[in-house]
Amino acid sequence: MRISKLFGKTLREVPADADTVSHQLLVRAGMVNQLAAGIYSYLPPGWRVLRKIENIIREEMDKAGGQEVNLPVLQPLEMWQLTGRDKAFGKSLFTLYDRRERPLVLGPTHEEVITQLVGRYAQSYRDLPLLLYQIQVKFRDEPRPRGGLIRVREFHMKDLYSFDIDEAGLDESYRKMLQAYQNIYDRCGLTSMLVEADSGAIGGKDSNEFMVIAESGEDEIIYCPGCKYAANMEKAVSVKEKIDNGEPLPVEEVATPGMGTIEEVAGFLKVPQSHTLKAVFYIADGKMVFVVIRGDLDVNEVKLNNQLHCSELRMATEPEVIEAGIVAGAASPVGMKGFKVISDDSVKSGTNFVAGGNKPDTHIKNVNYPRDFKADIVADIANAHAGDKCPKCGGTFASTHGIEVGHIFKLGTFLSEKLGASFIDEKGESRPAVMGCYGIGIGRLLAAAIEQNHDDKGIIWPVPIAPYHVYLCPLYREGSKVADVAEKLYAELETAGLEVLYDDRQESPGVKFNDADLLGIPFRVTVSPRTLEKDSVEFKLRSEKETELVPLGEIVGRLRELIES
RNA sequence: CGGGGCGUAGCGCAGUUCGGUUAGCGCGCCGCGUUCGGGACGCGGAGGUCGGCAGUUCAAAUCUGCCCGCCCCGACCA
């Protein structure tokens with residue numbers, strides 16, 4: 001490709017509305033352009049990268065036994081109502097009406113469609129297992145798109161769905177996908193981290209995410225440097241220190257004038273925050289829930305939601321708390337009635353806590369579970385943090401941020417039951433297919449690749465996903481043979497099957513070199529009067545500083561070797 | 001949805017506080033010339049509903065009201 005003909009333009013300055021590195025570089029390099037919040041056009045070089053990633057994914061999916069299909073973006077809302085997931089997605093679901101006023105959604109994912117489709121065709125156990133996938137645009141009306149391509153409202157996704165006759169089959173499909181995903185990230189030149197993830201309200205026993213470690217990542221990962229444990233903070237479990245305050249003592253009321261927060265109360269009574277219990281209030285599907293947790297811990301809303309199985313969960317507002325007759329700042333479950341109480345399991349592993357007195361300016365000492373209060377549910381609903389102990393090996397947790405570039409789920413039979421994806425087994429009985437689903441956000445993967453591969457000059461594309469392999473950079477001078485040699489070399493490289501970006505512009509060397517760096521093309525070949533004196537070209541890797549003179553006759557072979565390996 | 005910031009040429013910005021000729025600057029773009037190994041220089045040019053609507057005023061980029069859009073933090077979100 002001749003740069004003089006390439007659609008798009010590189011920018012010298014950082015776009016004002018781009019905060020993350022990948023967003024800045026994508027825009028500056030002329031790879032994407034924003035149309036509206038979370039909606040982007042891909043320009044030719046950016047689109048080439050996207051297609052390369054797609055092809056790698058396609059190859060790995062096919063290798064794992066996947067078959068490619070293409071499912072409709074437009075889907076009747078009815079299907080979503082059938083599975084109840086219209087509510088789960090809520091406002092994230094783009095909804096529109098056809099000319100007959102029938103509601104349709106723009107598919108945010110395709111479990112409903114594929115499950116119904118499989119139900120029509122897979123009738124016998126002989127038809128399973130099935131691994132069906134597509135690469136297609138998805139629509140989600142995200143509350144807050146951000147970070148350029150990191151979180152968008154219209155995005156390209158590879159989604160594969162597995163259908164098996166039983167759990168063992170699902171485990172096998174899941175294992176295949178896990179391996180395929182690792183192959184994909186490796187081939188894209190990405191270092192990814194496999195973490196345990198929350199499987200959400202849908203259920204299913206396992207779920208894993210693939211994370212690319214990056215400052216700009218939205219997810220917090222908790223991991224143990226000792227063993228290989230790693231999990232999304234939503235899911236991570238740590239050892240909660242035992243609070244041993246001796247044998248349970250009789251409860252005792254204490255005055256705590258003006259002390260509202262846990263810090264204040266603990267400071268006033270001169271006890272560590274871990275020796276207190278705090279109460280937090282949530283509204284779950286419209287009902288007040290009383291949550292009790294040790295003072296030094298905080299509530300993990302995902303875990304809480306998993307215990308409550310509700311579709312809408314939010315913190316209660318102060319007026320709601322007051323209206324419920326609760327004394328904010330001094331609330332505790334002791335003597336409280338009329339609320340669903342859910343408690344973190346940390347209350348069990350300690351004695352003689354300080355808790356609220358349910359009267360203004362009053363707390364009680366020596367609160368013990370279950371002697372002094374009961375909870376409807378006791379479970380782990382606390383966030384794990386860096387510094388906590390690992391339950392597997394006793395090591396100390398660390399944390400980092402990651403971009404979620406893939407997520408795989410074991411779904412089970414929830415959807416196949418509702419949508420009629422059942423088959424006749426060997427005994428002639430009808431059974432629902434056991435499902436899994438596996439997604440990769442391709443644009444996000446592209447952005448993550450930049451987050452992980454760049455310097456202050458620009459992008460450094462890994463060879464397999466680079467928009468072009470070679471940046472051919474002639475430095476013209478009147479009366480030299482540079483132009484002729486470069487033209488010839490360009491033709492030769494193209495004939496050899498290499499993807500060449502040919503900078504045929506009448507620009508100064510600085511401009512060309514800087515664009516080469518910004519665009520991140522892995523190999524740069526410079527032809528100049530200086531190199532031609534030695535019948536050579538200058539060869540440089542984008543990732544390295546050094547340059548090297550390579551004889552004209554050898555450069556094509558040298559590049560081929562590098563690119564094909 | 002809550003909090004904060006912003007909206008002036010393709011991009012980055014000044015001008016808005018305190019209303020007053022023809023709205024500026026840099027980059028980019030077009031033409032000519034000189035340059036040519038890390039974002040060169042000179043001369044000449046093109047390009048603007050100052051986010052939109054309404055209002056106040058002799059006069060609005062500037063003041064007022066409403067609306068729209070974008071970014072960041074949070075809430076939310078398979």
Side-chain angles (χ1 to χ4, degrees), chain A residues 8-20 23-24 27-28 30 33-39 80 83-93 107-112 138 140-148 151 153 157 159 161 197-204 207 209 216 218-219 232 234 282-283 301-302 305-306 311-315 317 404 406-411 414-415 435-439 441 456-458 473-480 482 505-518 524 526-532 537-538 540 545 547 549:
Chain A
K9 191 172 277 295
T10 57
L11 298 178
R12 193 180 298 211
E13 278 170 296
V14 178
D17 56 3
D19 238 38
T20 55
H23 188 195
Q24 292 175 353
V27 174
R28 283 190 57 213
N33 182 260
Q34 182 174 20
L35 177 65
I39 305 178
W80 288 80
T83 58
R85 295 210 307 165
D86 58 327
K87 289 204 184 69
F89 270 87
K91 287 186 173 165
S92 294
L93 210 53
T109 177
H110 283 71
E111 282 84 5
E112 275 75 4
K138 298 279 189 275
R140 294 183 192 178
D141 198 357
E142 294 287 342
R144 187 153 86 84
R146 70 182 101 179
R151 182 172 289 274
R153 296 193 293 169
M157 182 173 172
D159 43 325
Y161 306 90
D198 177 63
S199 54
I202 288 180
S207 175
E209 289 168 336
S216 56
E218 298 181 283
D219 291 282
N232 194 311
E234 293 175 354
Y282 280 87
I283 304 288
E301 293 186 9
V302 173
N305 198 357
N306 287 344
S311 62
E312 201 197 320
L313 179 72
R314 60 173 175 84
M315 274 188 107
T317 62
E404 179 191 337
H407 199 164
I408 61 180
F409 289 83
K410 289 184 181 174
L411 290 176
F414 169 82
L415 292 163
M435 292 177 59
C437 68
Y438 316 82
D456 55 345
K457 290 284 194 178
C473 187
L475 303 180
Y476 300 118
R477 165 120 15 121
E478 228 168 297
S480 83
V482 169
R505 299 173 300 174
Q506 296 291 333
E507 287 288 355
S508 69
V511 171
K512 292 186 172 186
F513 290 153
N514 279 302
D515 274 348
D517 288 346
L518 178 58
R524 191 182 80 191
T526 306
V527 185
S528 74
R530 195 196 282 177
T531 67
L532 288 185
V537 294
E538 180 196 84
K540 179 180 175 299
K545 260 198 127 86
T547 62
L549 277 183

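Just so we're on the same page: letters track the sequence lines, and every chain starts at 1. When reading the values below, keep in mind they use all heavy atoms of this one structure, side chains included, and skip hydrogens, waters and symmetry mates.
- In this entry the distance linking CG of Asn305(A) with P of rA75(B) reads 15 Å, nearest Å.
- When Watson-Crick and G-U wobble pairs are counted only if both distances are under 3.5 Å, rC25(B) pairs with rG12(B).
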Side chain to side chain contact (heavy atoms under 4.5 Å, CB included) assessment of Leu475(A) paired with Val482(A): CA-CA 7 Å; Leu475(A) 303 180; Val482(A) 169; 5.5 Å; no
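- Across all strands, Glu301(A) comes closer than 4.0 Å only to sugar-phosphate atoms, never to a base (heavy-atom distances).
- Judged by Watson-Crick or G-U wobble contacts below 3.5 Å, the nucleotide rU49(B) has no partner.
- Nucleotides rC73(B) and rC63(B) place their P atoms 29 Å apart, quoted to the nearest Å.
- Within the 4.0 angstrom heavy-atom criterion, base atoms lie near Thr109(A).
- A straight line from CD of Gln24(A) to P of rC72(B) spans 11 Å, rounded to a whole angstrom.
- One P atom belongs to rG3(B), the other to rC13(B), and the distance between them is 26 Å to the nearest Å.
- Atom CG of Asp17(A) is separated from atom C1' of rG51(B) by 15 Å (rounded to the nearest Å).
- Shortest non-hydrogen contact noted between Asp198(A) and Phe409(A) is O-CE2, 4.2 Å.
- Atom name P, nucleotides rC71(B) and rG12(B): the rounded distance is 13 Å, in whole Å.
- Pro474(A) comes within contact range of no nucleotide atom at all, as no heavy-atom separation falls under 4.0 Å.
- A donor-acceptor pair under 3.5 Å is absent between the side-chain atoms of Glu142(A) and the main chain of Arg144(A), judged by distance alone.
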Under 4.0 Å protein heavy-atom contacts per nucleotide of nucleotides 23-44 of chain B, with B for base, S for backbone only and - for none: ---BSSS------SBBBS----
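- You'll find the side chain of Asp515(A) stays beyond 4.5 Å of the side chain of Glu507(A), heavy atoms only.
- Rounded to an integer number of Å, the gap from Arg151(A) CZ to rC71(B) C1' is 16 Å.
- Between His407(A) and Asp19(A), the one whose closest nucleotide on RNA chain B sits nearer the 5' end is Asp19(A).
- Contacts of Val14(A) with the nucleic acid, taken as non-hydrogen atoms under 4.0 Å apart, involve only primed sugar atoms and P, OP1 or OP2.
- rA75(B) and rC29(B): their C1' atoms are spaced 45 Å apart (whole Å).
- When Watson-Crick and G-U wobble pairs are counted only if both distances are under 3.5 Å, rG2(B) pairs with rC73(B).
- Within 4.0 Å of Gly148(A), counting heavy atoms only, lies no atom of the nucleic acid at all.
- Separation of the P atoms belonging to rU64(B) and rU49(B) is 24 Å when rounded to the nearest angstrom.
- Remark: side-chain polar atoms of Lys91(A) are not paired, donor with acceptor, to backbone N or O of Asp141(A) under 3.5 angstrom.
- Across Tyr476(A) and Arg505(A), no two heavy atoms sit closer than the pair CE1-O, 3.5 Å.
- Applying the Watson-Crick and G-U wobble criteria (two distances, each under 3.5 Å), rC41(B) pairs with rG33(B).
- For the pair Glu301(A) and Tyr282(A), the minimum side-chain heavy-atom distance is below 4.5 Å.
- Computed from coordinates, the Arg144(A) CZ to rG4(B) P distance equals 15 Å when rounded to whole Å.
- Pairing partner, rC58(B): rG20(B), with both Watson-Crick or wobble hydrogen-bond distances short of 3.5 Å.
- The interatomic distance linking Lys87(A) (NZ) with rC77(B) (C1') rounds to 17 Å, in whole Å.
- Look at Arg314(A) and you won't find any side-chain N or O under 4.0 angstrom from OP1 or OP2 of rC76(B).
- Here the separation of rG51(B) from rC68(B), taken at their C1' atoms, is 7 Å to the nearest Å.
- Relative to the ring axis of Phe89(A), Arg140(A) does not place its NZ or CZ within 45° and under 6.0 Å from the centre.
- Rounded to the nearest Å, the gap between the C1' atom of rC67(B) and that of rC11(B) is 27 Å.
- If you measure from atom CD of Glu209(A) to atom C1' of rC77(B), you get 13 Å, rounded to the nearest angstrom.
- Nucleotide rC71(B) holds its P atom 11 Å from the CG atom of Leu35(A), rounded to whole Å.
- Using a 4.0 Å heavy-atom cutoff across all strands shown, Ala18(A) reaches no nucleic acid atom at all.
- Using atom C1' as the reference point in both rU56(B) and rG19(B), the two lie 11 Å apart (nearest Å).
- Map Tyr282(A) and Gln34(A) each onto its nearest nucleotide of RNA chain B; the residue landing nearer the 5' end is Gln34(A).
- Side-chain atoms of Arg153(A) come within 3.5 Å of backbone N or O of Ala37(A) as a donor-acceptor pair.
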